[in-house]
K.L.:
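Take this structure, written in structure tokens, and hold onto it; I'll ask about it next.
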Amino acid sequence: MTMQRDWENFNISQFNQDLIRWFYKYKRDLPWRQTKNPYYIWVSEVMLQQTQVDTVIPYYQRFITKFPTPQDLASADEEAVLKIWEGLGYYSRARNLQQGVREVVENYQGRVPDNKNDILSIKGIGPYTAGAVLSIAYDRPEPAVDGNVMRVLSRVFLIDDDIAKQKTRRLFEEIIYRIIPESDPSAFNQGLMEIGALICKPKQAKCEQCPLAAHCGAYEEGVQTEYPVKKKKTPPKPLHFAVLVLKNQSGEYLIRKRPEKGLLAKLWEFPMIPLESPETSIEESVRDYIEKNYSAPVKINDVNINIQHTFTHLKWHLSLFAGSIEQRISAEKDEQWASLGQLEKFPFPVSHQKIVDKIKQGLIS
DNA sequence: AAAGCGGGGTC
DNA sequence: GACCCAGCTTT
């Protein structure tokens, strides 16, 4: 079943007043709340996808300082954009944001569209981000349904559909279209999200402080902890690699650029050698790999450093090997020799940033 | 409709 | 550990 409440005993105008007054009284002072510039709102919303506010703040500041206008971002090198994004995760967001901004510069004279059709057609802008930009930057009464909003409204309306499904997001959008006020849709949407972040939390909802308690079906029945309903995800699949920290006689390290699609696309890494399983002879695999790829004498030693890194769907187990090469072999395409100082110019995923740190600490070689 | 896609915070 | 986070794109 979907909604277990009817509209007859739901007071829309009172709900909106309670929500919006609370928002103006208790909202956090966040950098992207000091502007209505649609481009800045857009940047902040993309960074905030699946990412918490405190994590985003310094990235946002650096980003708009480096790319203050859509034109600045459109004309930037992709690698410079990825470097700013380094460590934030979901790197396709950065590549799609730049592509989207290029569309805006090309097709809309650098002005972010203020209508749903056009803005939804832009790369990287989906239903949530479209609604957020339209409501916050342009005061349009459009829903912006994120995880916070689904949690809050699933409790208010006792909705037990699986929020992991696309269809459920559309159900919440339908509800919001019936409630959202013409007068201040920005405060309405942000208020729902702010309550989700500060009050209506996943584990410990602070219902006694909630301005919506008087409107909330879950609070009335004391079943807050049972909402929202969400299907469990499958655990991450383990993958094992040997990682080669290969240094030449000039003291440079071999790094390579990852493929342009898939996991950590276009980021840089130390060469990774896939292992069939943790039981396979790692040293042998490393030797085979080096013989095949470098055709030059290489000394290898196991430095007994292991790094684990968990993604949403994968768990990497990395075993580090240090190598020194007698003569300078030429770097292949998408490979590069870089000194320790130069490594800082390249965007690395966090798992390989950890390796750079180990090198700096003198723990490898 | 389901899977792929990061990294960090919280309990 | 498990769960969550101002989700979107691809398959």
Side-chain angles (χ1 to χ4, degrees), chain A residues 23 27-28 30-33 40-60 82 85-97 99-100 119-137 143-152 162-170 172-173 186 188-198 200-205 225 228-237 239 258-259 261-267 308-316 347-354:
Chain A
F23 177 68
K27 70 187 173 82
R28 291 168 291 180
L30 303 174
W32 44 89
R33 286 187 176 154
Y40 291 161
I41 302 296
W42 179 8
V43 170
S44 72
E45 292 299 344
V46 172
M47 287 188 170
L48 286 161
Q49 289 166 12
Q50 302 294 286
T51 310
Q52 296 189 339
V53 164
D54 289 340
T55 305
V56 167
I57 289 173
Y59 282 91
Y60 172 81
L82 285 172
W85 211 270
E86 181 185 58
L88 196 54
Y90 283 147
Y91 299 93
S92 66
R93 290 185 296 176
R95 291 180 283 110
N96 290 342
L97 175 60
Q99 187 182 331
I119 200 170
L120 267 177
S121 73
I122 293 169
K123 192 74 166 177
I125 297 189
Y128 165 76
T129 305
V133 172
L134 289 176
S135 62
I136 296 170
V145 177
D146 70 339
N148 284 313
V149 171
M150 288 195 282
R151 186 171 58 257
V152 173
D162 180 0
I163 64 165
K165 292 183 184 299
Q166 291 272 344
K167 190 178 174 187
T168 307
R169 193 207 70 243
R170 294 197 290 272
F172 285 111
E173 287 175 349
S186 171
F188 175 92
N189 280 337
Q190 292 191 75
L192 282 180
M193 293 189 270
E194 195 79 339
I195 286 175
L198 301 180
C200 196
K201 300 202 215 181
K203 303 287 184 189
Q204 296 182 352
T225 56
V229 174
K230 190 176 187 180
K231 190 188 68 180
K232 289 197 193 340
K233 286 179 188 167
T234 56
K237 175 183 171 186
L239 287 178
R258 291 179 62 85
K261 288 195 165 191
L263 182 67
L264 303 169
K266 300 187 181 180
L267 273 69
Q308 291 184 9
H309 193 81
T310 305
F311 303 88
T312 307
H313 55 306
L314 299 173
K315 183 166 184 178
W316 277 2
F348 288 95
V350 166
S351 50
H352 285 248
Q353 289 176 41
K354 291 175 186 170

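Values below: every heavy atom of this structure, side chains too, minus hydrogens, waters and symmetry copies. The sequence lines fix the lettering, A, B, ..., with proteins before strands; numbering per chain opens at 1. As the structure is a computational prediction, the values presented were derived from the model and not from experiment.
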K.L.:
For A:Arg169, enumerate each residue passing the salt bridge (Lys or Arg N to Asp or Glu O under 4.0 Å) test, keeping only those at least two apart in sequence or located in another chain.
P.N.:
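Once residues adjacent in sequence are excluded, the partners of A:Arg169 under the salt bridge (Lys or Arg N to Asp or Glu O under 4.0 Å) criterion are A:Glu173.
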
K.L.:
Compare side-chain N and O positions of A:His309 against OP1 and OP2 of B:dG7 and report whether any pair is under 4.0 Å apart.
P.N.:
yes

K.L.:
Taking only the side-chain nitrogens and oxygens of A:Lys230, find out if one of them lies under 4.0 Å from OP1 or OP2 of C:dC3.
P.N.:
no

K.L.:
To the nearest angstrom, how far is A:Leu267 atom CG from B:dC5 atom P?
P.N.:
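In whole Å, B:dC5 P lies 13 Å from A:Leu267 CG.
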
K.L.:
Please figure out whether A:Lys203 or A:Thr310 has its closest DNA chain B nucleotide nearer the 5' end.
P.N.:
A:Thr310

K.L.:
Check A:Tyr60, A:Trp42, A:Tyr59 against A:Trp32 for a ring-ring contact (aromatic ring centres under 6.0 Å, His included) and give me the one that passes.
P.N.:
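It is A:Tyr60, the one option of A:Tyr60, A:Trp42, A:Tyr59 that forms the ring-ring contact (aromatic ring centres under 6.0 Å, His included) with A:Trp32.
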
K.L.:
When all nucleic acid strands are considered with a 4.0 Å heavy-atom cut-off, which category describes A:Gly196: base, sugar-phosphate, or nothing?
P.N.:
nothing

K.L.:
Tell me whether the OP1 or OP2 atom of C:dT10 has a side-chain N or O from A:Lys123 closer than 4.0 Å.
P.N.:
yes

K.L.:
Which whole-number value in Å describes the distance from A:Met150 CE to C:dG7 P?
P.N.:
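Atom-to-atom, A:Met150 to C:dG7, this comes out as 8 Å.
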
K.L.:
How far, in whole Å, is C:dT10 from B:dG6 if one measures between their P atoms?
P.N.:
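Going atom to atom, P in each nucleotide, I get 14 Å.
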
K.L.:
Could you list by number each residue of residues 42-55 of chain A showing a heavy-atom separation from DNA chain B of less than 4.0 Å, or answer none if no residue does?
P.N.:
A:Gln50, A:Thr51, A:Gln52

K.L.:
If you look at every strand shown and take non-hydrogen atoms under 4.0 Å, does A:Arg33 touch a base, only sugar-phosphate, or nothing?
P.N.:
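Answer is base: heavy atoms of A:Arg33 come under 4.0 Å of a base.
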
K.L.:
Side-chain contact, heavy-atom cut-off 4.5 Å: A:Tyr128 with A:Glu45?
P.N.:
yes

K.L.:
Would you indicate what A:Leu264 reaches in the nucleic acid, counting non-hydrogen atoms under 4.0 angstrom: base, sugar-phosphate, or nothing?
P.N.:
sugar-phosphate

K.L.:
I need the CZ-C1' distance between A:Arg93 and C:dG7, as an integer number of Å.
P.N.:
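Distance, rounded to whole Å: 9 Å.
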
K.L.:
I'd like to know whether the aromatic ring centres of A:Phe311 and A:Trp316 sit less than 6.0 Å apart in this structure.
P.N.:
yes

K.L.:
To the nearest Å, how far apart are A:Ile57 CD1 and C:dA6 P?
P.N.:
12 Å

K.L.:
Within the structure shown, what part of the strands sits under 4.0 Å from A:Trp32 by heavy-atom distance: base, sugar-phosphate, or nothing?
P.N.:
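Base contact.
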
K.L.:
Under the criterion side-chain contact (heavy atoms from CB on, under 4.5 Å), which of A:Lys354, A:Lys315, A:His352 is the partner of A:His309?
P.N.:
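Going through A:Lys354, A:Lys315, A:His352 one by one, the side-chain contact (heavy atoms from CB on, under 4.5 Å) with A:His309 is satisfied by A:Lys354 alone.
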
K.L.:
Just how far, in rounded Å, is P of B:dG6 from CZ of A:Phe348?
P.N.:
16 Å

K.L.:
Specify the residue among A:Ile136 and A:Ile125 whose closest nucleotide of DNA chain C lies further upstream toward the 5′ end.
P.N.:
A:Ile136

K.L.:
Kindly write out the residues that satisfy salt bridge (Lys or Arg N to Asp or Glu O under 4.0 Å) with A:Arg258, not counting sequence neighbours, or none if the list is empty.
P.N.:
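Only A:Glu269 meet the salt bridge (Lys or Arg N to Asp or Glu O under 4.0 Å) criterion with A:Arg258.
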
K.L.:
Output all residues satisfying salt bridge (Lys or Arg N to Asp or Glu O under 4.0 Å) with A:Lys123, sequence neighbours left out; order by chain, then residue number.
P.N.:
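Once residues adjacent in sequence are excluded, A:Lys123 has no partner under the salt bridge (Lys or Arg N to Asp or Glu O under 4.0 Å) criterion.
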
K.L.:
Where the side chain of A:Asn96 is defined as all heavy atoms beyond and including C-beta, which of C:dA6, C:dT9, B:dG6 is the nearest nucleotide?
P.N.:
C:dT9

K.L.:
Using atom CZ of A:Arg258 as one end and atom C1' of B:dG6 as the other, report the distance to the nearest whole Å.
P.N.:
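So the CZ-C1' distance, A:Arg258 to B:dG6, works out to 12 Å.
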
K.L.:
Out of C:dT9, C:dC8, B:dG6, which nucleotide sits closest to the side chain of A:Tyr128?
P.N.:
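Closest nucleotide among those given: C:dC8.
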
K.L.:
For the side chain of A:His313, starting at C-beta, report the closest nucleotide among C:dA6, B:dC11, B:dC5.
P.N.:
B:dC5

K.L.:
Is any side-chain N or O of A:Lys232 closer than 4.0 Å to OP1 or OP2 of C:dA2?
P.N.:
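For A:Lys232, the contact criterion (side-chain N or O under 4.0 Å from OP1 or OP2 of C:dA2) is not met.
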
K.L.:
Starting at atom CD of A:Glu173, determine the distance to atom C1' of C:dA6, rounded to an integer number of angstrom.
P.N.:
14 Å

K.L.:
Among B:dA1, C:dC8, B:dC5, which nucleotide has an atom closest to any side-chain atom of A:Thr129?
P.N.:
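Minimum distance to the A:Thr129 side chain belongs to C:dC8.
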
K.L.:
Between A:Gln166 and A:Pro349, who's closer to the 5' end of DNA chain B by nearest nucleotide?
P.N.:
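Result of the comparison: A:Gln166.
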
K.L.:
Can you name the salt bridge (Lys or Arg N to Asp or Glu O under 4.0 Å) partners of A:Arg170, sequence neighbours left out?
P.N.:
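In terms of salt bridge (Lys or Arg N to Asp or Glu O under 4.0 Å), with neighbours along the sequence ignored, A:Arg170 is linked to no residue.
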
K.L.:
Closest to the A:Val350 side chain: C:dT9, B:dG8, C:dA6?
P.N.:
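Looking only at heavy atoms from C-beta outward on A:Val350, the closest nucleotide is B:dG8.
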
K.L.:
Out of B:dG6, B:dC11, C:dA6, which has the shortest distance to the side chain of A:Lys201?
P.N.:
B:dC11

K.L.:
Tell me the interatomic distance from A:Tyr90, atom OH, to C:dT9, atom C1', rounded to whole angstroms.
P.N.:
12 Å

K.L.:
In whole angstrom, give me the gap between the C1' atoms of B:dA3 and C:dA6.
P.N.:
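These two C1' atoms come out 22 Å apart once rounded.
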
K.L.:
Can you list everything that forms a side chain to side chain contact (heavy atoms under 4.5 Å, CB included) with A:Glu194? Sequence neighbours excluded, please.
P.N.:
A:Trp22, A:Phe23, A:Lys27, A:Arg28, A:Arg33, A:Leu198

